[in-house]
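Heads up, the thing below is written out as structure tokens.
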Amino acid sequence: MEATPKEQTKEQPKLIVSIGPHVRTDESTAKIMWTVNGALLPAALMSIYYFGLPAVMVLAVCIFTAMITEAAIQKMLKKEIAVADGSAFLTGLLIAMNCPANIPLHIPAIGTFVAIGITKQLFGGLGYNVFNPALIGRALILISFPKAMTTFTHPVANIMAFDAKTMATPLTVLKEDGVAKLLELYPNIYQNLLLGNRAGSLGETATIALLLGAAFLMIKRYITWHIPIPFILTVAAATWMFGGKEGLFTGDALFHVMAGGLVLGAFYMATDYVTGPSVRSAQIVFGIACGILTVLIRLKGGYPEGVMFAILIMNCFAPLLDRGMRSKVFGKAEAKGVKK
Amino acid sequence: MWQDVLTIFIASALINNFVFARYLGLCIFFGVTKKMETAIGMSFTFTGVMLIGAALNWFIYKYVMMPLHIGFLKIVIFIGVIAAFVQAADTIMKKVTPALYYKLGIYLALITTNCIILAVPLLNAEEYADSLFKSMALALGSGLGFSLALIIMASIREKLELADVPRSFQGLPISFVLTGLIALAFLGFSGMITL
């Protein structure tokens, strides 16, 4: 902070110090962000198809709040207003995709405000936030309004779905009533999980749409396999080993991978450049640890779904992981007797 | 029994982490986390003092205070024992291992009046007065949990040094906000183990 004191801002500062990663490329933040938004579009459309107009309203409220908050705070802090870079849009979109459809609309608005205002702008704006803004926003409203945030509705595939019946998510049913009840409520479970025909948050249901978007992002090399694949494989392995009722190695890995917000979290939120580690080997550790925490919370914890908390907890550790696993700088001798 | 010990250890380190779930010990927490080096020094000193202090207080509570029926004096006595022990450690270290003293000694003065160091013997007296192993599990778990909190916080705060935080939030205010957010993340551990 000493490098660019406020007094100097009148003239261009000579030396700008910013935190990593420092990469020279023709990609811009705006281009990446809008591409990620585009990759999420199929899943958003699927949610509108299943949950109807309520989903549209949640999406609209979140995105609108995000952009207004971002612009207002940047204006207050006399910074350049950068709403057009799409990062606020993405945060709003992700929060909306993490909410149930028939939620009272002030709740996602509060979550979005906290996400953008406190988690992102207070820490210095894009690039400096410690936690994934969308996840903090969601965690806050989940613990503040637990009832509204866990009342999910039946996917009716009808545009006017305002009075859709409530229905528990597959993971909640599994946690509270067991497998028999789950199969009774959700026949053809894998097919429905893949297509998104199940109760759940807006964006987490349509696994196939999320996977399409993720594949696109991976081909464009905007995200790499280092975080999401270890994350998902760890969840699969750990639930297969410990998730079954009849003992070890009887758990249903495929169900656990598709049932919660894992695909959404692993590909779109754990891969956040800012809040995850940037060293490759640290990213793999990050993914595996996220997976272990997710399964721990799902099978042992107080919440049916653990992806959000797992990523948030690992966000705390990301700077430490980067620090510990940074590769050695060659051609630099350590002075004897003088540490750092 | 051993399962209980392990449960107490994990619960006190993560689920009921003293900083992120019970909001104790914040003065040291904010005081030493500006740099990783001080955070690590404090972690070692703190965990050591915690273990020895808790053991001392456990013996005094079980073999002196319980037979004399003066359990109601525990706050006063525990504070006295901790203060005396830390002061003694300070003096002895200075004499015997000056090198170690200059590395860790500065933290000892801060620890004397720390609330976690007092909270652990008090919790032990209430819940695990019958078992030394359980008391030690609580002390070790709390010490390591606090160390974990210090090291995470220091690593994030060092990164935040370069962040463009609004002027009125620079320094301590943003650290408080940050601690609140970490506490929110650590809520994920809640309900995992019920004691």
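Note on naming: letters A, B, ... go to the chains in the order of the sequence lines (proteins, then strands), and numbering restarts at 1 for each one. For clarity, every value in this text was computed on a predicted model and none was experimentally measured.
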Atom pairs and distances, donor-acceptor, side-chain atoms in residues 49-78 of chain B, under 3.5 Å, two or more places apart:
{"from": "B:Asn57", "atom 1": "ND2", "to": "B:Gly53", "atom 2": "O", "distance (Å)": "3.2"}
{"from": "B:Trp58", "atom 1": "NE1", "to": "B:Tyr128", "atom 2": "O", "distance (Å)": "3.3"}
{"from": "B:Trp58", "atom 1": "NE1", "to": "B:Ala129", "atom 2": "O", "distance (Å)": "3.4"}
{"from": "B:Trp58", "atom 1": "NE1", "to": "B:Ser135", "atom 2": "OG", "distance (Å)": "3.2"}

- prompt: Between A:Asp322 and B:Lys159, is there a side-chain N and carboxylate O pair less than 4.0 Å apart?
  reply: no
query: Where does A:Leu296 contact chain B at under 4.5 Å (heavy atoms): side chain, backbone, both or neither?
result: both
- line: Interface check, chain B: of A:Ile311, A:Ile297, A:Leu140, A:Leu299, most non-hydrogen pairs under 4.5 Å belong to A:Ile297
- prompt: Are B:Lys134 and B:Glu127 within salt-bridge range, i.e. N to O under 4.0 Å?
  reply: no
field: Under the ring pair (Phe, Tyr, Trp, His ring centres under 6.0 Å) test, residues paired with A:Phe309 that sit two or more places apart
entry: A:Tyr303
- line: A:Phe123 meets the ring pair (Phe, Tyr, Trp, His ring centres under 6.0 Å) criterion, sequence neighbours left out, with none
- prompt: Quick check: are there more than 12 heavy atoms from other residues, nucleotides or ligands sitting under 6.0 Å from CZ of B:Phe30?
  reply: yes
task: Below 4.5 Å from any heavy atom of chain B, which atoms of A:Leu77 appear? Answer side chain, backbone, both or neither.
output: side chain
- prompt: Is there any residue in residues 146-154 of chain B with a non-hydrogen atom under 4.5 Å from a non-hydrogen atom of chain A, and which ones are they?
  reply: B:Leu148, B:Ile151, B:Ile152
query: NZ of B:Lys35: more than 12 outside heavy atoms within 6.0 angstrom?
result: no
query: More than 12 heavy atoms of other residues, nucleotides or ligands under 6.0 Å from CZ of B:Phe44: is that the case?
result: no
Winner by heavy-atom pair count (cut-off under 4.5 Å) against chain B, out of A:Asn315, A:Asn129, A:Thr119, A:Ile143: A:Ile143
